[in-house]
Amino acid sequence: MPITNEKPSDQKRIVASLLSECRVPTPGEAAMLMRRKVVLGAVACSALSPALVACSSGANEQDVARALRRPLAGDGDRALLMRELVRYATLAPSSHNTQCWTFRLQDQAIVIAPDLSRRCQVVDPDDHHLYVSLGCAIENLVHAALSVGLQAEVHFDPAGLGDITVDLKTTRASVTPLFQAITERQCTRSDYDGKPISNEELRLLLRAGTGNGVRLMLLTERAAIEKVLEYVVAANTAQMADTAFVAELKTWIRFSAAEAERTGDGLLSGSTGYPGMPHWLGSLLMGLFYKASSENERYARQIRNSSGIAVFVSEANDKAHWIEAGRCYERFALQATALGLRNAHLNQPIEVGAIRPHFASAFDLGNQRPDLVVRFGRGPAMPLSMRRPVQAVLV
Ligand SMILES: Cc1cc2nc3c(=O)[nH]c(=O)nc-3n(C[C@H](O)[C@H](O)[C@H](O)COP(=O)(O)O)c2cc1C
């Protein structure tokens, strides 16, 4: 069917057919419906359709995201090199992709500080995720610096304002597999293949994800994974019933690649498997169709088709340990990427304050704080998330 000559009657026919057969639209049908932006029922019916994602998140729309992940440059030009190190740091994950950081360049150091204007007060009232995100950025910076012959030493003063100073001293350059994984890493919210991973891979993940006062539990037994699922469902149900949580989340959702490119931050809905659409439509549909039951079904399926679950646990509940947890998680994510493994967060049980202690005691953690819950396994990549330009994070 030629999509340029569609008539309203064609749209109605497609909608009627989608709704009655409850099926996914073909790419041609999806394009026609998206072009007209008028048929809410049909878009809702197809809201979980990977076919529509493919149609609405085309190759060109990912060019900007790929360009952000270009190789490190700056050979011989110190000023450019320092900016390039910052660019690599910003490729790190951050909660809701808030990129809650600023960078200050010094002669022999880079200072990373929290950007409190990007806090998420509802989901992260004590700034735990914010400092974990800073830790992720530091870890990228450490590996990028080493690749160009700079040894990074990280200093954090718990009594200070939250600044983290990364001193850079000349050393022999080393291009590690973790460095090479920085531009490939993503939080991948796709279905995984459900197959176990080898003991050697588990050993490497464990080594990468363990740090100073932070340990990593790798759960691969089905009973333990089902226990995590129970807590994810309970906490996700609580979060989705919390209007303040949903409202805050919505401010960080970018419903189309164009919107994500404009802001350079936020959660690209295509990265979760939802179709791209204009903001007004996405916002409307989210209010109508974003329900705990369907989200919980997706989590159950995706937890069950993961090879395992990683839980990061801090010895002490303070900023220094949250930063260290971020560094451990990022090393884990980079090591996973280097092995061809994917990972995605399931942090609901540690985000809901009333559930976190129960989750901790279900896994015998005593008074220790579970920092992050992450599934891992093998699966297809998803569209890449955006980043703001280096200029926007330099102060
Ligand atoms: C501290 C922290 C908490 C996060 N929590 C979640 C989460 O609960 N659910 C989720 O899907 N992703 C979560 N993420 C992943 C971010 O959404 C992701 O890093 C961001 O969207 C950028 O995408 P990228 O990592 O693929 O580049 C978290 C990341 C960090 C660092």
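Atoms within a ligand are numbered from 1 in the order they appear, just like the ligands themselves. All residue numbers in this chain count up from 1 along the given sequence.
Atom numbering of ligand 1 starts at 1 in the shown order; those under 4.0 Å from a heavy atom of Gln186 are 26 (O). Numbered from 1 in the order shown, with element, the atoms of ligand 1 that lie under 4.0 Å from a heavy atom of Leu267 read 17 (O), 21 (O). Which parts of ligand 1 touch Arg185 is read off a 4.0 Å heavy-atom cut-off, strictly below it: atoms 24 (P), 25 (O), 27 (O). Atoms of ligand 1 found under 4.0 Å from any heavy atom of Cys187 (numbered from 1 in listed order, with element): 15 (C), 18 (C), 19 (O), 24 (P), 25 (O), 26 (O). Close contacts of ligand 1 with Pro93, meaning ligand atoms under 4.0 Å from a residue heavy atom, involve 19 (O), 25 (O), 31 (C).
When only modelled atom types and interatomic distance are considered, Arg342 and Ser190 share no side-chain donor-acceptor pair under 3.5 Å. Remark: the Thr102 side chain and the Arg104 side chain contain no N/O donor-acceptor pair separated by less than 3.5 Å.
Arg119 and Asp127 are joined by a salt bridge, as a carboxylate oxygen and a charged side-chain nitrogen come within less than 4.0 angstrom of each other.
Here the protein heavy atom with the shortest distance to atom 6 (C) of ligand 1 is His345 CB, 3.4 Å. The nearest protein atom to atom 12 (N) of ligand 1, hydrogens excluded, is given as Arg189 NH2, 3.3 Å; this is a heavy-atom distance. Ranking protein heavy atoms by distance to atom 5 (N) of ligand 1, first place goes to Asn347 ND2, 2.9 Å. Of the protein's heavy atoms, Ser95 N, 3.6 Å lies nearest to atom 30 (C) of ligand 1.
Rounded to the nearest 0.5 angstrom, Trp252 CH2 and Asn97 CG are separated by 8.5 Å.
Residues Phe255 and Met382 are members of separate hydrophobic clusters, defined by side-chain heavy-atom contacts under 4.5 angstrom among Ile, Leu, Val, Met, Phe, Trp and Tyr.
Checking side-chain atoms of Arg78 against main-chain N and O of Asp107 turns up a donor-acceptor pair under 3.5 Å.
Proximity of Ser94 to ligand 1, defined as any heavy-atom pair under 4.0 Å, is confined to the backbone N, CA, C and O atoms. Counting heavy atoms under 4.0 Å from ligand 1, residue Glu351 touches it through the side chain alone. Counting heavy atoms closer than 4.0 Å to ligand 1, residue Ser385 contributes side-chain atoms (C-beta onward) but none from N, CA, C or O.
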Check the pair Glu201 / Phe376 against side-chain contact (heavy atoms from CB on, under 4.5 Å), numbers first and verdict last.
CA-CA 11 Å; Glu201 287 168 325; Phe376 57 89; over 6 Å; no
Take Glu226 and Glu230 through the side-chain contact (heavy atoms from CB on, under 4.5 Å) test and state the conclusion after the steps.
CA-CA 6 Å; Glu226 287 295 317; Glu230 276 174 36; 5.5 Å; no
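Looking at Asn97, Thr98, Val132, Val123, it is Val132 that brings a heavy atom closest to atom 1 (C) of ligand 1.
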Quiz: residues 150-160 side-chain donor-acceptor pairs under 3.5 angstrom, not counting sequence neighbours:
residue: Glu153; atom: OE1; partner: Lys169; partner atom: NZ; Å: 3.4
residue: His155; atom: NE2; partner: Asp167; partner atom: OD2; Å: 3.1
residue: Asp157; atom: OD1; partner: Ala159; partner atom: N; Å: 2.9

Hey, can you pull the donor-acceptor pairs under 3.5 Å for the side chains in residues 209-218, sequence neighbours left out?
residue: Thr210; atom: OG1; partner: Leu206; partner atom: O; Å: 2.6
residue: Arg215; atom: NE; partner: Gln368; partner atom: OE1; Å: 3.4
residue: Arg215; atom: NH2; partner: Gln368; partner atom: OE1; Å: 3.0

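Residue contacts with ligand 1: Arg387 is included, with a non-hydrogen atom under 4.0 Å away. At least one heavy atom of Ser133 sits under 4.0 Å from some atom of ligand 1.
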